[in-house]
Amino acid sequence: MGNFLVWVVWFVAAFACLGSAAAVVSFANPFYSALALIGNLGSLAVLYLLLSAEFVAAAQVLVYAGAVMVMFLFVIAYLGRHADAPWAGGPSWQALGAVAAAGALMVEIVVVVGLKASGRLAKAPDVGVAFGSPSEIGRVFLSDHLLAFEITSIVLLAAAVGGVVLGSQAHEDEPKPSSGSAAGTRAK
Amino acid sequence: MTGPNLTWYLAVSAFLFAIGALGVMLRRSPLIVLLSIEIMLNGANLALITFSRNHADMSGQIFALAVMAVAASEVVVGLGLIVAVHRRRLELDVDKLSTLRG
């Protein structure tokens, strides 16, 4: 019975995940795409829970589906109708090439993973309750992977500084209503 | 372990990565390109967590958390660029943003 329930949850989460990913790519309106991505991230969090990665699932919902997507939705709402671009560009053979390349990429992934790991994937080892819990994640993060932790903080700092710089420069470059300043920004 | 084999999780992860790559190659709106990159990163994250479960080793989950931090940084810079492009009154279309001149 428990096994059956896990299968049902897996099916619902996996198909919601793939369906919403296809919706992100196919919606014409970026706002709907961003909403579909929230569904995608939420169903991925369910898959993470099934893989006993509780802390990563919580971080996924909080950081990704919460903070990052709110920022996306703010920017899309700020851009308004300017956010709409034509669905796809170029001649139709370009779209066909894109589909073929994506399919080839998927086949490559499946073949490589199947060749290298198919024998080991059949049985998953039993893990304790502590596997993936916040305390264990914190212990591993701050002992074995301390360098990764510090580098992550530097990356986040660089991104914050970069966001501020990009935002303030964009403000300076904004074309002024007066006639002379437009030429000034061009020359700069 | 009850429930589906770990191979099924990897299949979902490969599908997600391919769908994201298709979006990056096909769509013209830079916003949707960014969203598709998020899908690709999440496909990679699912593979990392699946292999972490397969090896009963939490290093994969640590890697997934680091990928999340990088993805958040990438969104900040990408959205900053999109807003900067919009403020210069340029059209938001990756096919037309083909020069690096100001």
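Everything numeric in this text was worked out from a predicted model, so none of it was measured. We name chains A, B, ... by the order of the sequence lines, and we start the count at 1 in each one.
Side chains of Phe74(A) and Leu79(B) form no contact here, defined as non-hydrogen atoms less than 4.5 Å apart. Using a 4.5 Å heavy-atom cutoff, the side chains of Ile19(B) and Met106(A) are not in contact. For the pair Val113(A) and Phe51(B), the minimum side-chain heavy-atom distance is below 4.5 Å. Using a 4.5 Å cut-off on side-chain heavy atoms (C-beta onward), Phe63(B) and His145(A) make no contact. Counting only heavy atoms from C-beta outward, the side chains of Asn40(A) and Leu16(B) approach each other to under 4.5 Å. Residues Phe31(A) and Leu31(B) fail the side-chain proximity criterion, which asks for heavy atoms closer than 4.5 Å.
Only the side chain of Leu105(A) comes within contact range of chain B, with at least one heavy atom under 4.5 Å from a heavy atom of that chain. Heavy atoms closer than 4.5 Å to chain B are found in both the backbone and the side chain of Phe141(A). When heavy atoms are compared at a cutoff of 4.5 Å, Phe72(A) approaches chain B by way of both its backbone and its side chain. Both the backbone and the side chain of Ser59(B) come within less than 4.5 Å of a heavy atom in chain A. For Leu41(B), the part lying under 4.5 angstrom from a heavy atom of chain A is the side chain only. Heavy-atom distances place the side chain of Ile32(B), and not its backbone, under 4.5 Å from chain A. Contacts of Ile49(B) with chain A are made by both backbone and side-chain atoms, with heavy-atom separations under 4.5 Å. Both the backbone and the side chain of Ala53(A) come within less than 4.5 Å of a heavy atom in chain B. Residue Gln60(A) touches chain B through both its backbone and its side chain, counting heavy-atom pairs closer than 4.5 Å. Residue contact with chain B, scored on non-hydrogen atoms closer than 4.5 Å, involves the side chain of Val75(A) exclusively. When heavy atoms are compared at a cutoff of 4.5 Å, Ala101(A) approaches chain B by way of both its backbone and its side chain. Heavy atoms closer than 4.5 Å to chain A are found in both the backbone and the side chain of Leu35(B). The part of Ser26(A) that comes within reach of chain B is its backbone (N, CA, C, O), which places non-hydrogen atoms under 4.5 angstrom from that chain. When heavy atoms are compared at a cutoff of 4.5 Å, Leu37(A) approaches chain B solely by way of its side chain, counted from C-beta outward.
Hydrophobic cluster membership differs between Val12(A) and Leu49(A), with clusters built from Ile, Leu, Val, Met, Phe, Trp and Tyr side chains linked at under 4.5 angstrom. No continuous path of hydrophobic side-chain contacts links Val61(A) to Leu46(B) [ILVMFWY only; heavy atoms under 4.5 Å]. Cluster annotation: Val155(A) is not connected to Leu157(A) through the hydrophobic network of ILVMFWY side chains, with a link wherever side-chain heavy atoms come within less than 4.5 Å. Hydrophobic clustering, with ILVMFWY side chains joined whenever heavy atoms are under 4.5 angstrom apart, keeps Met25(B) apart from Phe27(A). By the rule that hydrophobic residues join a cluster once side-chain heavy atoms approach within less than 4.5 Å of another member, Val70(A) and Tyr64(A) end up as members of separate clusters.
Comparing Cys17(A), Gly132(A), Ala148(A), Ala36(A) by how many heavy-atom pairs each has under 4.5 Å with chain B, the most go to Gly132(A). Listed options Val63(A), Leu41(A), Ile151(A), Leu44(A) were ranked by heavy-atom pairs under 4.5 angstrom with chain B; first place goes to Leu44(A). Across Val70(B), Leu81(B), Val24(B), the residue that shares the most heavy-atom pairs under 4.5 angstrom with chain A is Leu81(B). Between chain A and the residues Ile62(B), Leu92(B), Val12(B), the largest count of heavy-atom pairs under 4.5 Å involves Ile62(B). No other option in Leu156(A), Thr152(A), Val164(A) has as many heavy-atom pairs under 4.5 Å with chain B as Leu156(A). When the candidates Asp93(B), Val94(B), Ile39(B), Val77(B) are compared by the number of heavy-atom contacts under 4.5 Å with chain A, Ile39(B) comes out ahead.
For Trp8(B), the CH2 atom counts as loosely surrounded, since its 6.0 Å shell holds 12 or fewer non-hydrogen atoms of other residues, nucleotides or ligands.
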**Request:** Take Leu50(A) and Tyr9(B), measure what side chain to side chain contact (heavy atoms under 4.5 Å, CB included) needs, and give me the verdict at the end.
**Result:** CA-CA 10 Å; Leu50(A) 288 180; Tyr9(B) 292 91; 3.3 Å; yes
**Request:** Could you go through the side chain to side chain contact (heavy atoms under 4.5 Å, CB included) check for Met68(B) and Val56(A) one step at a time?
**Result:** CA-CA 9 Å; Met68(B) 262 183 216; Val56(A) 184; 3.7 Å; yes
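If you chain together ILVMFWY residues whose side-chain heavy atoms come under 4.5 Å of each other, Val111(A) ends up grouped with Val107(A), Leu115(A).
Annotation: the span from Ser29(B) atom OG to Ile76(A) atom CD1 amounts to 8.0 Å, rounded to 0.5 Å. In this structure, CD1 on Ile82(B) lies 12.5 Å from OH on Tyr78(A), to the nearest 0.5 angstrom. Summarising the geometry, atom CD1 belonging to Ile137(A) is positioned 4.5 Å from atom CD belonging to Gln61(B); distances are rounded to the nearest 0.5 Å. To the nearest 0.5 Å, the span separating CG on Asn54(B) from CG on Leu51(A) amounts to 10.0 Å. If you take CE on Met69(A) and CD on Glu38(B), they are separated by 7.5 Å, rounding to the nearest 0.5 Å.
Contact record, Ala159(A) with Val76(B): O-CG1, 3.6 Å, taken as the closest heavy-atom pair. Of all non-hydrogen atoms in Val6(A) and Pro4(B), the two that sit nearest each other are CG1-CD, 3.9 Å. Residues Leu166(A) and Gly80(B) come closest through the heavy atom pair CD1-C, 4.0 Å. Phe131(A) and Ala56(B) get closest at one heavy-atom pair: CE1-C, 3.7 Å. Between Asn45(B) and Tyr48(A), the shortest heavy-atom distance links the atoms CB-OH, 3.3 Å.
Formation of a donor-acceptor pair under 3.5 Å by the Arg27(B) side chain with backbone atoms of Val25(A) is found in this model.
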